[in-house]
Amino acid sequence: MKSFVMAAALGLSLAAGSAHAQTAIQPGLWEVSDKTTMEGVQPMPSTSRQVCVKADEATLERLIYPTPDDFAKHGCSFAPGPKQDGIFKATTACPPTDQTPGVTAEAEISYTPTSYEGLGQLTVKSKDGTTVKGSSVLSGKRVGDCP
């Protein structure tokens, strides 16, 4: 079951990563966090990290997802939602591998140039057909200039 939880967290973090939507934010030092919960699984601790976003990479996608190369390496597919001012939506599916189950993640995030918050809905399916649902609460804010 622990691999389910890790795959779910990976699935949400891989939920995009491609440069499809490109939602502009302010460059600088950002504090980002997420809290993932899965049905029937002991809660995982919240994670938090600081990210220095340079002007040439100042997009919401840069804060939420890995690089497009990492995304492609896992064979994930990305489908952006309809464009709306201040709202980012996307759906991603990552196929199962020998080590991890498949993950589908849907994200809806409200954002401004200096902050964001939103929710990701996860579905994790193992090779034997076992399905576990979960969610991640995502947030971030610009806290200053990069060191």
Side-chain angles (χ1 to χ4, degrees), residues 2-39 41-125 131-147:
K2 187 174 184 176
S3 67
F4 256 8
V5 173
M6 296 310 291
L10 174 66
L12 187 59
S13 69
L14 291 175
S18 115
H20 294 289
Q22 298 302 309
T23 50
I25 58 168
Q26 284 187 5
L29 188 62
W30 284 71
E31 181 79 33
V32 299
S33 64
D34 67 80
K35 172 73 174 156
T36 300
T37 56
M38 301 297 295
E39 293 175 350
V41 177
Q42 187 170 6
M44 293 183 290
S46 205
T47 62
S48 181
R49 62 189 171 93
Q50 289 192 333
V51 179
C52 178
V53 178
K54 298 176 182 164
D56 63 339
E57 60 182 16
T59 66
L60 181 63
E61 293 83 354
R62 164 66 176 87
L63 291 173
I64 300 172
Y65 305 118
T67 67
D69 289 342
D70 283 344
F71 182 75
K73 181 170 55 175
H74 292 281
C76 299
S77 64
F78 173 79
K83 283 196 153 213
Q84 294 177 269
D85 285 343
I87 305 286
F88 171 82
K89 293 182 181 182
T91 301
T92 294
C94 298
T97 68
D98 289 337
Q99 293 81 26
T100 61
V103 178
T104 300
E106 295 181 10
E108 182 169 339
I109 298 170
S110 299
Y111 70 95
T112 70
T114 59
S115 67
Y116 70 88
E117 60 181 24
L119 183 64
Q121 298 295 329
L122 307 167
T123 303
V124 181
K125 190 171 185 178
T131 300
V132 176
K133 293 186 181 271
S135 63
S136 286
V137 176
L138 309 165
S139 64
K141 64 181 177 179
R142 187 179 185 280
V143 294
D145 293 331
C146 293

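Basis for what follows: all heavy atoms, side chains included, without hydrogens, waters or symmetry-related copies.
- Evaluated for a side-chain contact (heavy atoms from CB on, under 4.5 Å) with Lys35, the options Ser136, Pro43, Pro45 yield exactly one hit, Pro43.
- Here the shortest heavy-atom pairing between Ala58 and Val53 reads CA-CG1, 3.4 Å.
- Just one of Ser46, Ser48, Ser33 meets the side chain to side chain donor-acceptor pair (under 3.5 Å) condition when paired with Ser139; it is Ser33.
- Between the side chain of Arg142 and the backbone N or O of Pro27 there is at least one donor-acceptor pair closer than 3.5 Å.
- The two atoms that bring Leu60 and Ile25 nearest to each other are N-CG2, 3.9 Å, heavy atoms only.
- Considering only heavy atoms from C-beta on, Val137 comes within 4.5 Å of Leu119 through its side chain.
- Between the CD atom of Gln26 and the CG atom of Asp145 there is a distance of 9.5 Å, given to the nearest 0.5 Å.
- Here the closest heavy-atom approach between residue Pro95 and residue Gly75 is recorded as CD-O, 3.2 Å.
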Take Arg62 and Val51 through the side-chain contact (heavy atoms from CB on, under 4.5 Å) test and state the conclusion after the steps. CA-CA 9 Å; Arg62 164 66 176 87; Val51 179; 3.5 Å; yes

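- Residues Thr47 and Arg49 form no side-chain contact, since every pair of their non-hydrogen atoms from C-beta on lies 4.5 Å or further apart.
- Here NZ of Lys133 is found 10.0 Å from CG of Leu122. Values are rounded to the nearest 0.5 Å.
- Considering NZ of Lys89 and CD of Gln84, their distance stands at 4.5 Å, rounded to 0.5 Å.
- Shortest non-hydrogen contact noted between Ile87 and Tyr111 is N-CE2, 3.5 Å.
- To the nearest 0.5 angstrom, Lys141 atom NZ is 12.0 Å from Thr112 atom OG1.
- The distance from atom CD of Gln50 to atom CH2 of Trp30, rounded to the nearest 0.5 Å, is 12.5 Å.
- To the nearest 0.5 Å, the span separating OG on Ser135 from CD on Glu106 amounts to 12.5 Å.
- Looking at Glu117, its side chain never comes within 3.5 Å of a backbone N or O of Ser110 through a donor-acceptor pair.
- For Thr23 against Glu61, the heavy-atom pair with the smallest separation is N-OE1, 3.0 Å.
- Heavy-atom minimum distance, Ala90 versus Phe78: CB-CE1, 3.3 Å.
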